[in-house]
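The structure is given below, and queries will be raised subsequently.
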Amino acid sequence: MKFVVSSTALQSHLQAINKVINSKNTIPILDSFLFELAGNTLKMTASDGETTLVTSMEVTNVSGSGKFAVSAKLLLDPLKEFPEQPLTFDINDDNIEIFIYFQNGKCNFIGQKGEEYPQMPELKDNATSLSMSVSDLLNGINLTLFATADDELRPVMNGIYIDISPDDVTFVATNGHKLVRFKEMALKGNEASSFIFPKKPATLLRNILPKESGEAKISFDDKNAVVLVANYKMVCRLVEGKFPNYNSVIPTGNAHKITIDRMSFMTALKRVSVFANQGTCLVKLQIIENNIMLTAQDIDFSTSAEETVPCQYDGEGLIIGFKADFFIDLLYNLPASDIVIELSDPSRAGIIYPLENEENEDLLMLLMPMMLSE
């Protein structure tokens with residue numbers, strides 16, 4: 001078979017799907033891309049055995065059809081060095097010897113038969129489908145992915161829980177210390193259903209979706225999910241297990257409600273946390289009328305810091321401790337200029353949310369406190 005393709009277009013597509021491939025694979029052919037040529041369409045696939053990403057592009061001067069696998073490293077490394085030019089691929093169908101002709105030369109190497117590449121799993125007939133705009137899907141991933149865990153003992157926390165109901169679609173992530181719940185009220189499912197989207201495919205989508213537009217269609221059964229956008233198809237194995245009841249851990253009726261400028265609070269927290277104990281990263285918040293005083297210390301190294309940040313608060317005084325790097329993480333990923341912090345007592349979780357949510361959105365973040373010794 002034979003075809004001609006743009007060097008930069010090919011590199012762009014391959015780099016996008018290359019991130020799926022693991023550095024070490026138990027099946028050697030997974031170190032390769034699968035190429036499938038049919039008519040003027042070249043389909044390219046990369047997989048790690050659990051997540052598969054497929055993209056396609058138009059090629060010219062085609063003769064023949066078929067599929068073959070080619071080493072990802074052997075193809076991508078030289079492609080990065082090519083200026084924009086047409087590349088002619090000429091593949092011997094018998095021994096899968098691949099010749100690539102370019103302006104000033106050629107290279108050749110041996111590929112593998114495409115039939116040896118693992119097949120993508122098919123969804124069951126009773127699979128559930130949900131459509132949303134690419135921007136809504138990207139927004140849900142961006143707001144929750146950072147809060148996912150890396151916990152081998154609790155794998156259900158190693159992904160984004162997508163909870164679908166006839167009223168809304170909710171994206172949730174937690175690592176046991178922090179939790180993010182993001183509701184999209186404009187999105188509605190036909191029936192109540194849910195799945196846990198693993199961290200790796202979610203990260204891959206976060207890299208791909210900014211360049212996409214239009215609709216994203218998500219279909220899933222009890223084992224796998226398929227995500228379809230204009231230029232890519234992703235198939236991934238879902239995280240199995242029951243996600244924690246996230247609504248039950250969100251405290252209600254909090255007596256202390258503080259409104260504060262997010263950026264000034266976050267930068268103060270960053271400055272003070274430099275002087276906190278490196279093991280605990282504990283920063284103490286003393287909330288008094290219209291002020292939050294942040295204090296941190298490391299007794300071992302005789303360092304300490306304190307800083308007062310103005311806020312809107314007229315309730316009783318409260319002292320509570322938080323892990324500074326977790327708090328900074330939440331504030332960094334909260335897209336609002338003014339935020340509300342709700343607290344009840346030093347032993348219960350604090351909740352943080354924008355003073356004004358975007359239309360049809362409800363974003364809430366939760367952070368567990370740290371016990372204070374005094």
Checklist entry - side-chain hydrogen bond (donor to acceptor under 3.5 Å, both in side chains) with S129: which residues, sequence neighbours excluded? => result S219
Item to check | Within-4.5 Å side-chain heavy-atom neighbours: F82 and Q11 | outcome: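 They are not in side-chain contact.
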Item to check | Test applied, side-chain contact (heavy atoms from CB on, under 4.5 Å); reference residue, V226; option that passes from K233, M234, M120 | outcome: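 So the option named by the test is K233.
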Item to check | Ring geometry between Y161 and F243 (parallel below 30°, tilted from 30 to 60°, perpendicular above 60°) | outcome: parallel
Next on the checklist: Tell me which pairs pass side-chain hydrogen bond (donor to acceptor under 3.5 Å, both in side chains) where either residue lies in residues 104-121, with sequence neighbours left out.
Outcome noted: E97-N108
Item to check | Mutual orientation of the aromatic rings belonging to F35 and F89 [parallel < 30°, tilted 30-60°, perpendicular > 60°] | outcome: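 Because their plane-to-plane angle lies in the 30° to 60° range, the rings of F35 and F89 count as tilted.
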Item to check | Side-chain ion pair, D167 and K183, N-O less than 4.0 Å | outcome: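 Between K183 and D167 there is no salt bridge, as every charged N stays at least 4.0 Å from the carboxylate O atoms.
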Checklist entry - Does the side chain of S165 come under 3.5 Å of the side chain of D163 through a donor N or O and an acceptor N or O? => result no
Item to check | side chain to side chain contact (heavy atoms under 4.5 Å, CB included) between L130 and T128, worked out | outcome: CA-CA 7 Å; L130 173 72; T128 304; 5.9 Å; no
Checklist entry - Once the angle between the rings of F99 and Y101 is folded into 0 to 90°, is it parallel (under 30°), tilted (30 to 60°) or perpendicular (over 60°)? => result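 Parallel.
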Next on the checklist: Would you say that P198 contacts T51 through its side chain, given a criterion of any heavy-atom pair below 4.5 Å between the two side chains?
Outcome noted: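 Of all side-chain heavy-atom pairs linking T51 with P198, none is under 4.5 Å.
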Next on the checklist: Going by salt bridge (Lys or Arg N to Asp or Glu O under 4.0 Å), name the residues that satisfy it together with D48, two or more places apart in sequence or in a different chain.
Outcome noted: K200
Next on the checklist: What I'd like to find out is whether the side chain of F301 reaches to under 4.5 Å of the side chain of Q278, using heavy atoms alone.
Outcome noted: no
Checklist entry - Which heavy-atom pair separates L145 from A202 by the least distance, and what is that distance? => result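 Minimum heavy-atom separation between L145 and A202: CD1-CB, 3.9 Å.
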